[in-house]
Amino acid sequence: MDHLRADFPILERKVNGKRLAYLDSSATTQKPNQVIDAIGDYYRRYNSNVHRGAHTLADEATTAYEGARTKVAEFIGASSSDELVFTRGTTSSINMIAYGWGLNRLHPGDRILLTVMEHHANVVPWQLIAKHTGAELVYLELTDDFRVDLSTLDSVVDERLKIISVSGMSNVTGAFGPVAELVEAARRVGAIVIVDAAQSVPHLPTDVTAIGADFLAFSAHKMLGPTGIGALWGRREILEKMEPAEGGGEMITDVRLYESKWAPIPHKFEAGTPPIAQAVGFGAAVDYLDKVGMSEVRKHEIEITQYALDRLADVPDLTLVGPTDIAVRGGTVSFELGDVHPHDVATILDQEGVAVRAGHHCAKPLMRYLDVPATARASFYLYTVKEDIDQMVAGLHRAREIFGLV
Amino acid sequence: MDHLRADFPILERKVNGKRLAYLDSSATTQKPNQVIDAIGDYYRRYNSNVHRGAHTLADEATTAYEGARTKVAEFIGASSSDELVFTRGTTSSINMIAYGWGLNRLHPGDRILLTVMEHHANVVPWQLIAKHTGAELVYLELTDDFRVDLSTLDSVVDERLKIISVSGMSNVTGAFGPVAELVEAARRVGAIVIVDAAQSVPHLPTDVTAIGADFLAFSAHKMLGPTGIGALWGRREILEKMEPAEGGGEMITDVRLYESKWAPIPHKFEAGTPPIAQAVGFGAAVDYLDKVGMSEVRKHEIEITQYALDRLADVPDLTLVGPTDIAVRGGTVSFELGDVHPHDVATILDQEGVAVRAGHHCAKPLMRYLDVPATARASFYLYTVKEDIDQMVAGLHRAREIFGLV
Amino acid sequence: MALEELYREVILDHYRNPRHKGSLTHAHFHAEGQNPSCGDEFSLDLVIEDGVLVEVATQGQGCSISQASGSMMADAIKGKTVDEVKAITSKFKLMMSIEEGENPVDPARPGAVLGDLEALQGVRKFPVRIKCADLPWATLADALDGAQTAS
Amino acid sequence: MALEELYREVILDHYRNPRHKGSLTHAHFHAEGQNPSCGDEFSLDLVIEDGVLVEVATQGQGCSISQASGSMMADAIKGKTVDEVKAITSKFKLMMSIEEGENPVDPARPGAVLGDLEALQGVRKFPVRIKCADLPWATLADALDGAQTAS
Ligand SMILES: Cc1ncc(COP(=O)(O)O)c(C=O)c1O
Ligand SMILES: Cc1ncc(COP(=O)(O)O)c(C=O)c1O
C-alpha cells in the first residue's frame, strides 16, 4: 500500500524536524487529495443549499449530496439509501437513537445493556436517557484477554432488556465487540441492537444485512473523510417508527402552528441545512476506500498490526493493553511503558516526529475497570508503513533512556 | 464592493450558458477563496483530532479550533469565548436549547412565545419540547406591513411565560424581529430570550451584550463559511445552568458507569469530535467579514436592496411580500408574479442564469398566515451587484411573456 | 428554445383551467400527494364501478407543471378501466423517463398516444421538474392501491 | 536538547518520590483539580494557622510534569505565609509565562529564586505541557480561595 501515501499531502510534513509518523488514526485519519479536492471543488463550482431549490446549483448540490448518501449506503451493504441518515458523527448518531427511540419508548425498569469497554459516546447518551425515562443501565465486563465477557449475558437477557449498544471495535484495546452474539441474544427478547461502528466500519469490510443489527453508527473523519459528518444506518422498519430527535427545516412535509408532519426517512432525521460539502467529501472517501478494497485494508492492517505487536513485545517494560490475537482485534494498540506516564511517552515520541495519543481515550469506565489511569495508543490505517512503527519503537527506547529505565 | 467578487470563484461560473446571478444567499452564501483555502490548508497541513492529544498536529489543530472560537465570539461582541458553543448550525443550536434548557425546565402550563414568521428551525423544536413537557406554544401575529404585531404582547407576558424565541430577520419577508421589545418584556417575568440570528448575524453588525438576549443562534454557511457548523452564543450564567443535550466524548470531566460530570462551558455542549475543519473555515469567514466591516456590508445591502425594491416596483403584476421600508428590513426579497407560480418563476430565471428560491422557505406557518402558497425569493450579500438585479428583472419580464401576461 | 417547449400553450391552459376540479362527497377513493421540497399539493377522488373510473375529481396547488399534469391526467383516466389507467400511467412514466424503457410517444403523430399529456415531454429537459409532473401520478397510484386494498 | 531540559533529573525524582504525599484527616482546606483533556488529577489538603500553611498534603495521578510540579510546590509552600505563597505562585506563573511579565528567575544563580521549581523552566518550550505544570497551582488557588471564604 506504500504507493497510496503520495495521495496524503500531510504525510510529507516534518514534525519537530523529523519525518511525521502519524499513528493516531483512531482519533482521526488523514485525508487523501481526492477528498480534499472534492470539497474544494464543491465550494468553487456548485455550492448551494439542497432540496429546496429550483435552480441549477441547487440541483447539482442536491444530486451530489444524495449521490454521496447512495455511495455510503452501498459501502456498508445497505439495501437502500433511505436507510442511511447523514449525521454529524458517531456521537450524534447515537444521541439521535437515544433521544429518538429511547426517550420516546423507554419506561422505568427497562434496561439498556452496554459493555465496560464503550467509548463515552456510547455511555453518556444512555445515562442521559436513563435519567429522563427511569430506565437502567447494565454492563457486560471483560475477560482477561480484554474481550467482552459473555458468561453473564443470559442473566440480563429478559423482557426488561430493550436496547443493546456495543462497540464493533474498542478504540482503546482494539478488541472486536461480540456483535453477532448480542444480536442473537437481542432477538430472543425483541431488544434492538446498536453497533458503535466508529472503529469498525473504517477498518473492516462491512455488510449491514449480514450483521443483523438494527443500527450502525460511524464517522466520516475516521475513514478518510472530512470532520463534521457521520452516518446512522438503521433498519427501515425501525427508522420508520423512530421519532426525530431534532426538529427544523427539511425534515417535515408540513408544519402548522401546533403540530407538524414528518418527511419520509431518511429526511425526517436531517433537520436543517445538512453538512453538504462534508457529504461530498464523505462520498469521495468511500470511493477511495472502495477502490482500494476493504479486504485489502484489513489485510494491510493485519500485517502492520502484527509487525507492531512483535516489535513492541521486544521493548522492555512495555505492557500491551489489549488482546494479542490478531484475529480478534484491529490496528489500535494501547500500551504502558514502565512508570513513564503515557503523556510523557507521547511528548517524547512527538519530539521524534511520532504522533500517538495518551490518556483515557474517552473511555474512562474502561480505564477504571482495567485499573490503568491512562495508556499510550498507536493506531494504524491503510497509509501506515513499517517505518512508522520502527520510528515509534526507537522513540520508546529513547523514552526509557530519558526516564532512566535502561 | 465589486472588487470582492474576484474572491468568489463560483461567481465566474456560467449557468445555462448565462452569467450566474446568484440571488440565493439567504439559503446559503458563496465562499471566498480565503475560506476554501483555509479548509484545504487544514487538511493538507495540520489535520488532527483536538483536545485529546499530546502531539504537534493535535496541538496545532486545537489552537486553530479554539482560535476560531475566539474570532467568532469577538465578531458578535461576546465578552468571553467561553460563551460561544460550536454547533452544527442554527437548527442544532436551537434544538440544543430546546433539549438542554426546555426539556429539563419546562412544566405543564408553561409557555413558549414565538411569532408566526419563524423558520421551521424555530418552531418544530418547540413543538417537540411542548409535547415532552406539557408546555404550550403561543404566537405573536403580524401587522399589515409584515412586522411582528406587539399589540397582543402584554396579554401573554405573565409568570407562565418561560421562553421567547424570535427571528432577528425573517428569511421570507426580510423584516427584522422586535428583539429589543421582547427582551424588555421577558425581563419583566424572568423569561429567557433566544434570537434566531441565522439571517441577522450575517448581515448586520451584532453586539450580543447590547442586544440583551440570552441566546443567539446562527450558521456559518450563511456568512461565507462552510456547511456543517454554526454557533450558539449564550449568557454565561445561563450556559452554566443549562444541561447538555448530547452526551459523548470531550464534554465531560469524568464518566463513571452510571453517572458523569460535565466539563466547563463551552465544552460541555460539544459532545464528540467537533467540526474542526469547519471551525477553521468559520474563523476565516469571520476574518473576511471583519476586514470588509459589517457596517459596510449593511450599507451595501441597503443600497442593493433599495435598488431591487425600486426595480421590482416597475414590474407589472409583481407583489412584494415584505416591508418596503429599508430601515426595518434586510436584503431578502420575496414576491409573487401574477399567477405565475414561484416554482415556474425560478425555472425561467434559472434559464437566464439567475438563481432564486421558490417555495415555502421552511416557513409554512407564515405562508399559511399570509395565505400565499409559495413565494419566489431573491436574497443578497456583499458580492451582489446591480447587474444581478437587472438580470433578474429581465428574467421576470421573460416569465411574464411566457405566461402571456404581456 | 427549451423554455417554450416546457411551457407549451396547452400546459398553461390546463394550469389555468384545471379539468375535473373539485372533490366528491359520496363513496370514493381518496389520496393526497405532496412534494415536500417545493410544497406542491395534489389530491384525488375516484369513483370506481365495475373496474371503471366513472368519476374523477382533483384539487391542487402548485406550479404549472404539477397542476397541468394533474388536469391532463384526470382527462386521460376518466372513463377508463383500472387496467387501461395502469397502461396510461406506464406510458406516461416512460415518456418522462421515470421508468426505464423506450419513449412510447410517436413524434410523427403528435398526441396520438397520450393526447394532451404529450405536451409534458418538454419537462424531460428539466430534470428537477420531473417530480412536479409526477406528483399527480404518484397520488393516482396511491388511490388505486387504496381501491385494490378495499376490494 | 529540549527533551533533556524538560525531563531534568530533579523532576523525575519528584515524580517518583512525591513529597508531602497523603491526605489530612483533621480540620483543613481541601481542593481538587483535574485536567479534562489528559485526565491528570491533583488534590491538596492545607492546614492554615495564623496565616501560615503549617501542613500540606497532596495526592495525584498523572504525568511527570504535573506530579513533579505538585511535589515541588508542596515543598515550596509549606511553612510559608499565605502572602508568601501568593508571591511564589506569581513568580512561578511568570517563570512559566502563564502570566504576562518578566521571568523572575536569575540564570546566573540557579535555584536562588524558586528552588527546585526552576527545573520546570524547560516546560516553556512545550506549550501543551504548561497546563500540566499548572494543575497543582490552579488547585492551590482554589484551596486558598476556600480558606479566604471560610475566614
Ligand atoms: C431565519 C432562519 N432560521 C433558521 C435557519 C436554519 O439554519 P440552518 O439550516 O443553517 O440550521 C434558517 C436558514 O435556513 C433561517 O433562515
Ligand atoms: C469507538 C468509538 N465510538 C465513538 C466515537 C465518537 O466518534 P465521533 O467523535 O466522531 O463522534 C469514537 C471516536 O472518537 C470511537 O472510537
Side-chain angles (χ1 to χ4, degrees), chain A residues 9-10 15-16 27-28 30-31 36 40 43-45 47-49 52-57 88-89 91 95 119-121 123-125 127-128 137 139 221 226-229 246-249 252 254-255 257-260 271-273 275-278 343 346-347 350 355 357-359 362 364-365, chain B residues 9-10 15-16 27-28 30-31 36 40 43-45 47-49 52-57 88-89 91 95 119-121 123-125 127-128 137 139 221 226-229 246-249 252 254-255 257-260 271-273 275-278 343 346-347 350 355 357-359 362 364-365:
Chain A
I10 206 172
V15 163
N16 292 315
T28 200
Q30 296 306 339
K31 325 300 175 198
I36 304 171
Y43 285 128
R44 284 195 173 82
R45 287 206 309 111
N47 169 63
S48 166
N49 215 322
R52 289 180 285 189
H55 58 78
T56 300
L57 295 183
R88 312 316 169 119
T91 304
N95 277 280
H119 186 281
H120 294 164
V123 173
V124 184
Q127 290 179 346
L128 289 170
L137 305 187
Y139 285 89
H221 72 93
T227 58
I229 190 168
E246 293 205 335
I252 53 88
D254 198 11
V255 175
L257 291 178
Y258 305 102
E259 60 184 1
S260 298
T273 301
I276 309 167
Q278 292 73 36
H343 212 163
T347 292
D350 185 48
R357 286 271 140 172
C362 294
K364 283 212 151 200
Chain B
I10 205 171
V15 163
N16 293 316
T28 201
Q30 296 306 338
K31 324 300 174 199
I36 305 171
Y43 286 128
R44 284 194 172 84
R45 287 207 307 112
N47 169 63
S48 166
N49 215 322
R52 288 179 287 187
H55 58 78
T56 299
L57 295 183
R88 313 314 170 120
T91 304
N95 277 279
H119 187 280
H120 294 165
V123 174
V124 184
Q127 291 179 345
L128 289 170
L137 305 187
Y139 285 89
H221 72 94
T227 58
I229 190 167
E246 293 205 335
I252 53 88
D254 198 11
V255 176
L257 291 177
Y258 305 102
E259 59 184 2
S260 299
T273 302
I276 308 167
Q278 292 74 37
H343 211 162
T347 293
D350 185 49
R357 287 270 141 172
C362 295
K364 283 210 152 201

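Numbered from 1 within each chain, the chains take letters A, B, ... in sequence-line order. All values derive from a computational prediction rather than experimental measurement.
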If you count heavy-atom pairs under 4.5 Å with chain A, which of B:G228, B:G40, B:G89 comes out on top? B:G228
When the 4.5 angstrom heavy-atom criterion is applied to A:V15 and chain B, the contacting part is side chain
Side-chain contact test, heavy atoms from C-beta onward, threshold under 4.5 Å: evaluate it for A:R357 versus B:H55 and give yes or no. yes
Kindly compute the distance separating CG (A:L257) from CD (B:Q127), expressed to the nearest 0.5 Å. 8.0 Å
One option among B:I252, B:V124, B:L137 has the most heavy-atom pairs under 4.5 Å with chain A, and it is B:V124
Quick one: pull up CG in B:N47 and CD1 in B:I276 and give me the separation to the nearest 0.5 Å. 7.0 Å
Flag, side chain of A:N49 to backbone of B:T28, donor-acceptor distance under 3.5 Å: no
Using a 4.5 angstrom heavy-atom cutoff, name the option from B:L57, B:V123, B:I229 with the most pairs to chain A. B:L57
Proximity breakdown for A:N16 and chain B, heavy-atom pairs closer than 4.5 Å: side chain
Closest-packed option against chain B by number of heavy-atom pairs under 4.5 Å, given A:K364, A:K31, A:R44: A:R44
Please round to the nearest 0.5 Å and tell me the distance separating atom OG1 of B:T91 and atom NE2 of B:H120. 11.0 Å
CD on A:Q278 to OG1 on A:T227, rounded to 0.5 Å: 7.0 Å
Quick one: of A:P125, A:A277, A:G247, who has the most non-hydrogen atom pairs under 4.5 Å with chain B? A:G247
B:R88, B:Q30, B:R45: which one forms the most heavy-atom pairs within less than 4.5 Å of chain A? B:R88
